[in-house]
Amino acid sequence: MPFPLARKQEIVAEVKAEVREAVSAATADYRGLTVAEMTTMRADARSSGVYLRVIRNTLARRAVEGTAHECMKDTFSGPTLIALSREDPGAAARLLKKYVDEFRTLEVTALSVDGALLEAGQLNRIASLPTLDEARAQLLRVLLAPVDALARALNEVPGSLVRAVAAVRDARQAGNSEQEQEQ
């Protein structure tokens with residue numbers, strides 16, 4: 001049953017607004033998934049901040065026109081599922097990777113990160129990108145490593161001095177006890 005023109009325009013406007021805000025996009029052929037599997041995937045998408053939508057190819061083409069993800073325009077064919085991530089470039093790819101591994105019928109068709117079209121084979125690479133929190137933690141570790149090393153080095157100087165003084169004391173005490181035994 002065809003959609004009325006007004007409904008099609010609503011869908012295109014909604015998806016276009018999401019595509020404009022997205023830093024990454026992924027499309028997949030969802031043929032063969034059950035309703036329960038799609039429901040599970042949609043719930044996981046909501047919890048991970050990924051916009052997930054089944055959309056007709058002509059509407060998807062219109063939705064990506066004039067956006068950074070326009071490079072995906074020619075990849076829409078067959079039953080299309082589009083996943084968009086606003087903040088985390090790897091979130092949409094991680095979601096699809098999880099379900100590609102779980103549901104063998106789901107097939108990723110294209111990926112786009114900041115307007116660069118990537119092959120579907122790059123899914124693992126994009127999915128392995130750190131989340132924003134992980135990237136911040138890695139940056140902090142790198143920034144704090146020299147400070148930590150300096151603190152350990154500065155702490156080692158008094159420690160070495162204390163050990164040297166203790167060794168001298170122990171040597172003197174050993175020498176004194178030998179002298180006492182000789183007497």
Side-chain angles (χ1 to χ4, degrees), residues 1-140:
M1 181 173 150
F3 288 135
L5 180 61
R7 178 67 182 129
K8 289 178 183 178
Q9 289 171 337
E10 272 179 35
I11 293 169
V12 169
E14 176 191 333
V15 175
K16 188 174 212 115
E18 291 292 331
V19 171
R20 279 191 179 127
E21 298 293 320
V23 292
S24 69
T27 58
D29 183 340
Y30 65 93
R31 197 179 335 219
L33 292 181
T34 66
V35 172
E37 292 169 340
M38 284 294 288
T39 302
T40 303
M41 193 163 53
R42 283 185 171 124
D44 198 12
R46 275 190 297 275
S47 67
S48 61
V50 174
Y51 176 82
L52 196 65
R53 176 87 189 223
V54 171
I55 188 169
R56 292 183 176 185
N57 295 323
T58 54
L59 300 180
R61 284 186 194 100
R62 288 188 179 138
V64 298
E65 280 180 4
T67 67
H69 302 290
E70 188 170 8
C71 57
M72 299 180 84
K73 193 175 180 178
D74 297 330
T75 65
F76 299 128
S77 66
T80 301
L81 171 79
I82 189 165
L84 304 167
S85 175
R86 284 184 173 194
E87 296 173 7
D88 180 7
R94 272 192 294 281
L95 176 78
L96 290 181
K97 181 184 180 324
K98 175 182 176 184
Y99 288 105
V100 161
D101 293 343
E102 191 173 325
F103 310 137
R104 298 291 176 193
T105 57
L106 185 67
E107 181 184 338
V108 175
T109 54
L111 299 164
S112 173
V113 177
D114 284 330
L117 183 64
L118 304 171
E119 297 174 11
Q122 298 287 332
L123 179 68
N124 290 335
R125 189 172 140 222
I126 301 302
S128 67
L129 288 174
T131 64
L132 184 60
D133 290 339
E134 291 169 347
R136 286 177 178 158
Q138 289 173 356
L139 178 62
L140 281 175

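Here K8 pairs with nothing under the salt bridge (Lys or Arg N to Asp or Glu O under 4.0 Å) rule; sequence neighbours left out. Evaluation of the ring pair (Phe, Tyr, Trp, His ring centres under 6.0 Å) rule for F103 yields Y99 as partners, not counting sequence neighbours. Here E70 pairs with nothing under the side-chain hydrogen bond (donor to acceptor under 3.5 Å, both in side chains) rule; sequence neighbours left out. Judged as a side-chain hydrogen bond (donor to acceptor under 3.5 Å, both in side chains), and not counting sequence neighbours, E119 has no contacts. Under the side-chain contact (heavy atoms from CB on, under 4.5 Å) criterion, S47 pairs with D44, sequence neighbours left out. Taking the salt bridge (Lys or Arg N to Asp or Glu O under 4.0 Å) definition, one finds that D74 meets it with nothing, sequence neighbours left out. For the side-chain hydrogen bond (donor to acceptor under 3.5 Å, both in side chains) test, residues two or more places apart in sequence or in another chain that qualify with Y51 are E14. Every side-chain hydrogen bond (donor to acceptor under 3.5 Å, both in side chains) that T80 has, sequence neighbours left out, goes to N57. By the side-chain contact (heavy atoms from CB on, under 4.5 Å) test, A60 is found to be paired with I55, F76, residues two or more places apart in sequence or in another chain being considered. Taking the side-chain contact (heavy atoms from CB on, under 4.5 Å) definition, one finds that R46 meets it with R42, A43, sequence neighbours left out.
Between the OG1 atom of T40 and the NZ atom of K98 there is a distance of 9.0 Å, given to the nearest 0.5 Å.
Summarising the local packing, CZ of R94 is surrounded by more than 12 heavy atoms from other residues, nucleotides or ligands at distances under 6.0 Å.
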Pairs under 3.5 angstrom only: tabulate donor-acceptor contacts from the side chains of residues 17-24 to other protein residues two or more places apart or in another chain.
from : atom 1 : to  : atom 2 : distance (Å)
E18  : OE2    : R86 : NH2    : 3.4
S24  : OG     : P89 : O      : 2.9

Less than 3.5 Å apart, which donor and acceptor atoms pair up between the side chains of residues 104-115 and the rest of the protein, not counting sequence neighbours?
from : atom 1 : to  : atom 2 : distance (Å)
T109 : OG1    : T27 : O      : 3.2
T109 : OG1    : T27 : OG1    : 2.6
S112 : OG     : H69 : ND1    : 2.7

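Comment: R7 engages E10 in a salt bridge, judged by a side-chain N to carboxylate O separation of less than 4.0 angstrom.
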